[in-house]
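None of the values given here were measured: they were computed from a predicted structure. Just follow the structure's listing: the first ligand is 1, and inside any ligand the first atom is 1.
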Amino acid sequence: MLDFNNTKENCTGCSACYAICPRHCISMEEDNEGFLYPELKKTEDCINCGLCEKVCPNIAIRRYVDIEQKAYVALTSNYQIWKRSASGGAFSEICKAWGDENTFIVGAAWNGFYLHHIGVLGVQNIQPLCNSKYISSNVENVYAEIKKQLKERKVIFCGTPCQVSGLKSYLKKTYENLLTIDLICHGVGSPKVFMSCIDAINKQENDILKKYSFRAKRKFHEADYLTKLEFQTKTKYVINDQYMQLFIRQLCHRPSCGHNCIYRGKNNRQGDFTIADFKGQRYVLPQLSGSKRNYSTVVVNSEKASLLMPILKKNMEVYEVPLSSVIKYNSQFERQMWLSNGRDDFFEDYLRDSASAIAKWTKPFVEYKRTLKMRFFDKCPTIIRRLYLNLTK
Ligand SMILES: Cc1cc2nc3c(=O)[nH]c(=O)nc-3n(C[C@H](O)[C@H](O)[C@H](O)COP(=O)(O)OP(=O)(O)OC[C@H]3O[C@@H](n4cnc5c(N)ncnc54)[C@H](O)[C@@H]3O)c2cc1C
Ligand code: SF4
Ligand code: SF4
Ligand code: SF4
């Protein structure tokens with residue numbers, strides 16, 4: 001049986017142990033920092049079968065890469081898809097390439113300000129799953145639902161590598177009709193801290209936030225972390241709201257997302273595809289600098305994924321790039337990351353008084369306004385933007 005008292009450091013909250021327990025003795029409980037951990041609730045029902053320990057990906061990482069991986073940089077040719085996506089729309093295009101109106105597609109979706117994994121039926125319904133949300137998503141009972149759906153139809157699952165790993169471990173065997181997509185992942189933040197930041201945002205604006213979008217886009221790509229805040233009476237775009245200040249400084253990450261994350265490294269990819277932002281554009285594909293849209297990185301980890309590339313090439317602008325360029329410029333793909341030294345101090349303050357901790361560790365946000373130069377360049381043809389960028393580099 002899992003050592004439930006000793007899982008804190010490495011437990012990713014993937015919920016595989018919770019999902020597999022045949023006696024439903026385990027529940028996922030929120031700790032005081034706001035992260036979910038398994039707890040043995042009904043000790044008397046436990047039959048000591050050991051399944052919870054066997055399924056835990058942390059005990060021994062499983063490897064799924066079955067080909068020589070290839071890396072691509074890609075951008076959807078559909079403007080609406082690009083606009084609703086964090087980077088170049090790879091997730092939506094992969095769903096379109098492999099799925100159809102009868103495919104069960106699972107990803108992270110909002111319910112108010114609560115984030116959880118849900119399944120939707122059909123590629124036409126994936127919009128709520130699109131775009132990055134940088135907090136921990138609760139997978140709830142979705143693994144069991146996926147197992148059920150796999151008996152009848154194709155399933156696509158997209159999540160953090162630890163979630164893909166949890167799902168595969170839970171399923172135990174491989175399914176031809178399952179396609180998995182993981183992300184290059186710098187970690188997830190605390191949903192509880194996120195909620196406290198929403199309170200701070202409301203207080204600052206003296207208004208009520210109705211909707212929060214992490215990677216907003218207006219007409220063109222303006223900034224990687226442009227947040228859209230939709231209040232009761234107004235909408236604001238910002239790049240430094242209270243939550244993002246904490247998240248970027250790695251002050252509110254889950255403990256397992258630091259140097260002990262076992263999913264970094266090219267051989268540890270868990271999905272058929274790995275998708276991410278495209279980093280190092282200026283060095284890897286300088287001809288794309290000045291583009292008005294941002295691109296995705298797509299790493300192909302399996303034969304199944306490789307067979308989809310010809311379809312993706314029809315619907316996306318695609319460039320093959322050396323995998324070494326992903327390793328070099330997208331550091332979370334390979335390199336371990338240390339959480340901030342200040343993390344413990346932040347949480348100590350936060351647990352004492354959440355509102356004053358947010359006020360102490362962050363500054364009020366400032367609205368992000370486009371300068372006259374930006375407005376001018378928005379209107380310019382890409383070739384002029386590129387020329388200007390090259391001249392001023
Ligand atoms: C927590 C997190 C950390 C990331 N870290 C990096 C990084 O360090 N470097 C990098 O290059 N890219 C990172 N990404 C990936 C990047 O932000 C984009 O998600 C990726 O480029 C795909 O964009 P897209 O345009 O193809 O699709 P999108 O439409 O943006 O699709 C995003 C997919 O991610 C899933 N997703 C969103 N939020 C979560 C969540 N909280 N938990 C699990 N799944 C989620 C959605 O279900 C959807 O399927 C991260 C993403 C997340 C969610
Ligand atoms: S040992 Fe078996 S019954 Fe007991 S908690 Fe683990 S999975 Fe459940
Ligand atoms: S199976 Fe997942 S949730 Fe359970 S202990 Fe292991 S890492 Fe944590
Ligand atoms: S950094 Fe590692 S442990 Fe954290 S969410 Fe990403 S894959 Fe999971």
*For the residue pair His24 and Tyr18, is the inter-centroid distance of their aromatic rings smaller than 6.0 Å?*
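No - the distance between ring centres of His24 and Tyr18 does not fall below the 6.0 Å cut-off.
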*Quick one: do Asp224 and Lys279 make a salt bridge, cutoff under 4.0 Å?*
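Judged by the 4.0 Å cut-off on N to carboxylate O distance, Asp224 and Lys279 do not form a salt bridge.
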*Relative to the ring of Phe194, is the ring of Phe113 parallel (under 30°), tilted (30 to 60°) or perpendicular (over 60°)?*
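Perpendicular: the ring planes of Phe113 and Phe194 meet at over 60°.
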*Aromatic ring pairing Tyr114/His116, orientation class (parallel under 30°, perpendicular over 60°, tilted between)*: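 The rings of Tyr114 and His116 sit tilted, inter-plane angle from 30° to 60°.
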*Go through the structure and list residues passing salt bridge (Lys or Arg N to Asp or Glu O under 4.0 Å) with Asp31, not counting sequence neighbours.*
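By the salt bridge (Lys or Arg N to Asp or Glu O under 4.0 Å) rule, Asp31 matches Lys8.
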*Is Arg269 positioned over the aromatic face of Tyr263, cation under 6.0 angstrom from the ring centre and no more than 45 degrees off axis?*
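No cation-pi geometry.
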_Cation-pi check for Tyr143 against Lys147: NZ or CZ below 6.0 Å from the six-membered ring centre and within 45 degrees of the axis, yes or no?_
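Judged by the rule, Lys147 and Tyr143 form no cation-pi pair.
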*Mind listing the protein N/O/S atoms less than 2.8 Å away from atom 6 (Fe) of ligand 2? Waters don't count.*
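Listed by chain and number, the atoms are Cys52 SG.
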*Working to the nearest 0.5 Å, report the span between CG of Asn202 and SG of Cys197.*
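If we round to the nearest 0.5 Å, Asn202:CG and Cys197:SG are 11.5 Å apart.
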*Would you say the side chain of Tyr37 lies within less than 4.5 Å of the side chain of Ser15, judging by non-hydrogen atoms?*
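Counting from C-beta outward, Ser15 and Tyr37 never come under 4.5 Å.
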*Can you tell if the side chain of Tyr134 reaches within under 4.5 Å of the side chain of His253, non-hydrogen atoms only?*
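No; the side chains remain at least 4.5 Å from each other.
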*Could you point out which residue of Leu129, Ile126, Thr103, Ile81 forms a side-chain contact (heavy atoms from CB on, under 4.5 Å) with Cys95?*
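That would be Ile126; it is the only one of Leu129, Ile126, Thr103, Ile81 passing the side-chain contact (heavy atoms from CB on, under 4.5 Å) with Cys95.
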*Distance only, no hydrogens: is a donor on one side chain within 3.5 Å (strictly under) of an acceptor on the other, for Tyr350 and Ser196?*
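Distance-only check passes for Tyr350 and Ser196.
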*Any side-chain donor paired with an acceptor under 3.5 Å for Asn268 and Arg63?*
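Checked: Asn268/Arg63 side chains pair up, N/O donor to acceptor below 3.5 Å.
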_If the cut-off is 4.0 Å to any non-hydrogen atom of Ile47, which atoms of ligand 2 fall inside it?_
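Under 4.0 Å from Ile47, ligand 2 has these atoms: 3 (S).
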_For a quick check: using heavy atoms under 4.0 Å, what are the residues in contact with ligand 1, sorted by chain and number?_
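Its neighbours under 4.0 Å (heavy atoms only) are Ser85, Ala86, Ser87, Gly88, Gly89, Ala90, Phe91, Gly107, Ala108, Leu115, His117, Leu129, Cys130, Asn131, Ser132, Lys133, Tyr134, Ile135, Ser137, Cys158, Gly159, Thr160, Gln163, Leu183, Ile184, Cys185, His186, Gly187, Val188, Arg215, Ile275, Ala276, Asp277, Lys279, Ser296, Asn330, Gln332, given by chain and number.
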_Neighbouring protein N, O or S atoms of atom 4 (Fe) of ligand 4, below 2.8 Å_ =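 My tally for this metal is 1.
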*Apply side-chain hydrogen bond (donor to acceptor under 3.5 Å, both in side chains) to the pair Tyr237 and Thr227, showing each step before the final yes or no.*
CA-CA 6 Å; Tyr237 288 87; Thr227 305; over 6 Å; no
*Please write down residue, atom name and distance for the protein heavy atom closest to atom 1 (S) of ligand 4.*
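The closest heavy atom on the protein side is Arg264 NH2, 3.4 Å.
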